[in-house]
2 protein chains.
Amino acid sequence: MGILRKTKSVKILLDEFEEQSTAISAITLIERLHLKMNKTTIYRILDKLEDDGFLHSFLGKNGHKWYAKCSGCSSEEHHDIHPHFQCLDCGKVDCLPTDILIPDIPNRKVHVSQILLQGTCEACFN
Amino acid sequence: MGILRKTKSVKILLDEFEEQSTAISAITLIERLHLKMNKTTIYRILDKLEDDGFLHSFLGKNGHKWYAKCSGCSSEEHHDIHPHFQCLDCGKVDCLPTDILIPDIPNRKVHVSQILLQGTCEACFN
DNA sequence: ATATTTACTGCAACTAAGTTGCGTTAAACG
DNA sequence: CGTTTAACGCAACTTAGTTGCAGTAAATAT
Ligand SMILES: [Mn+2]
Ligand SMILES: [Mn+2]
Ligand SMILES: [Zn+2]
Ligand SMILES: [Zn+2]
């Protein structure tokens, strides 16, 4: 089930995602907000915001959880599937609008594709 | 550094990968071999076999580590990059020979691509 | 404005994958 | 067989994420 009460903690977390468009890891949020709320609360709210279709989650290069804003999803439908890019220098992660074509795999039916590209971002290029 | 001594434990682990062509998770190996060797030993040997270019590793859907045989890699060069497929019914994971084209991403340089497809495998199809 | 209801929160304890340090064992080799 | 040291087992640790429960504060009713 999603968010039912707009508590202080929910507002603080929503603000974090409003302020920047890149993805944020759960670990970063815990570190950044540890004076304002408990890590349990953070995990629980992120989970609910995902149910609501406001955030989507994915795993970064170490298998740790990252969250980013959805665009046009709802609690009924998460159609927001796309590749992600993690910079190996600064660690920043972004959603990519790029569409990557998955060819048909013989004898298998693909339902989900999880694509994480790693390399160098624009800011770290120079 | 890779394997220097062909110990009993190393032989047992090599056998596991000789017997089947699908990928095996570290967790599965620990469970399967816990009477024969310690989990620390398993992690250390897998790590060395990867250094040697005999195995390659990747993360499955929960961010847990999986290993599979390489074909034609060496300790100098791991050129064995390809997508993986995890069956959502039986959990089995395979290496895919399929090549997936990663388009150029504006303002970013892609070094590595990590692709995990999820769906239904042949055996679970019926 | 106050009372009631219950979703949400904080805390402490837990789970589980993977790592580290160290004393002991057993490959490799002369 | 004896020596060397890579590799092993064990216990303790690290860390991301989860769970149970008692207390708190939103939302709603009175
Ligand atoms: Mn995204
Ligand atoms: Mn593979
Ligand atoms: Zn960067
Ligand atoms: Zn299957």
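By convention in this document, chain letters (A, B, ...) are assigned in the order of the sequence lines, proteins followed by strands, and residues within each chain are numbered from 1.
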To the nearest 0.5 angstrom, please state how far the [atom1] atom of [X] sits from the [atom2] atom of [Y].
X: Leu49(A); Y: Cys70(A); atom1: CG; atom2: SG; value: 10.0 Å
X: Phe85(A); Y: Cys95(A); atom1: CZ; atom2: SG; value: 13.0 Å
X: Lys92(B); Y: Cys124(B); atom1: NZ; atom2: SG; value: 8.0 Å

Next on the checklist: Angle between the two end axes of the helix from dA1(C)-dT30(D) to dG30(C)-dC1(D), five base pairs per end, rounded to 10 degrees?
Outcome noted: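 Rounded to the nearest 10 degrees, the bend comes out at 30°.
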Tell me the interatomic distance from [X], atom [atom1], to [N], atom [atom2], rounded to whole angstroms.
X: Asn38(A); N: dA7(C); atom1: CG; atom2: P; answer: 20 Å
X: Ile42(B); N: dA17(C); atom1: CD1; atom2: P; answer: 12 Å
X: Leu13(A); N: dC8(C); atom1: CG; atom2: P; answer: 13 Å
X: Leu29(A); N: dG17(D); atom1: CG; atom2: P; answer: 11 Å
X: His64(A); N: dT14(D); atom1: NE2; atom2: P; answer: 16 Å
X: Ile30(B); N: dA17(C); atom1: CD1; atom2: C1'; answer: 8 Å
X: Leu46(B); N: dG18(C); atom1: CG; atom2: C1'; answer: 12 Å
X: Ile3(A); N: dT9(C); atom1: CD1; atom2: C1'; answer: 12 Å

Item to check | Test item: Lys69(B) side-chain N/O and Phe17(B) main-chain N/O as donor-acceptor pair under 3.5 Å | outcome: yes
Checklist entry - Taking the side chain from Asp52(B) and the backbone from Ile3(B), do they hold a donor-acceptor pair closer than 3.5 Å? => result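 A pair under 3.5 Å: yes.
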Checklist entry - If each of Lys36(B) and Lys39(B) is mapped to the nucleotide of DNA chain D with the nearest heavy atom, which maps nearer the 5' terminus, i.e. the 5' end? => result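 Its nucleotide being nearer the 5' end, the pick is Lys36(B).
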Checklist entry - Given that Ile27(A) and Arg44(A) both sit by DNA chain D, which one's nearest nucleotide is further toward the 5' end? => result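 Taking each residue's closest nucleotide, the earlier one in sequence belongs to Ile27(A).
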Checklist outcome for this item: Test side chain to side chain contact (heavy atoms under 4.5 Å, CB included), reference Leu29(A), set Lys39(A), Lys65(A), Glu16(A), output is Glu16(A)
Next on the checklist: For dT19(C) and Tyr43(B) - does any side-chain N or O of the residue sit under 4.0 Å from the phosphate oxygens OP1/OP2?
Outcome noted: no
Checklist entry - Does a side-chain N or O from Ser9(A) land closer than 4.0 Å to OP1 or OP2 of dT9(C), or not? => result yes
Checklist entry - Under the 3.5 Å rule, do the base of dG17(D) and the side chain of Lys65(A) count as making a donor-acceptor pair? => result no
Checklist entry - Is the number of heavy atoms from other residues, nucleotides or ligands under 6.0 Å of Asp15(B) CG greater than 12? => result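 Count over threshold, so yes.
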Next on the checklist: Ring-plane angle category for His82(B) and His56(B), please: parallel below 30°, perpendicular beyond 60°, tilted otherwise.
Outcome noted: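 Taking His56(B) first and then His82(B), their aromatic rings stand perpendicular (interplane angle over 60°).
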Next on the checklist: What's Lys11(A) touching, base or sugar-phosphate or nothing? Going by heavy atoms closer than 4.0 Å.
Outcome noted: nothing
Checklist entry - Mapping Ala26(B) and Met37(A) onto DNA chain C by nearest heavy atom, which one lands closer to the 5' end? => result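 The answer here is Met37(A).
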Item to check | Note: Glu122(B)-Arg108(A) ion pair, threshold 4.0 Å (strictly below) | outcome: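 Looking at Glu122(B) and Arg108(A), the cut-off is not met.
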Checklist entry - Which letters describe nucleotides 25-30 of chain D, given B = protein heavy atom under 4.0 Å from base, S = only from sugar-phosphate, - = neither? => result BBS---
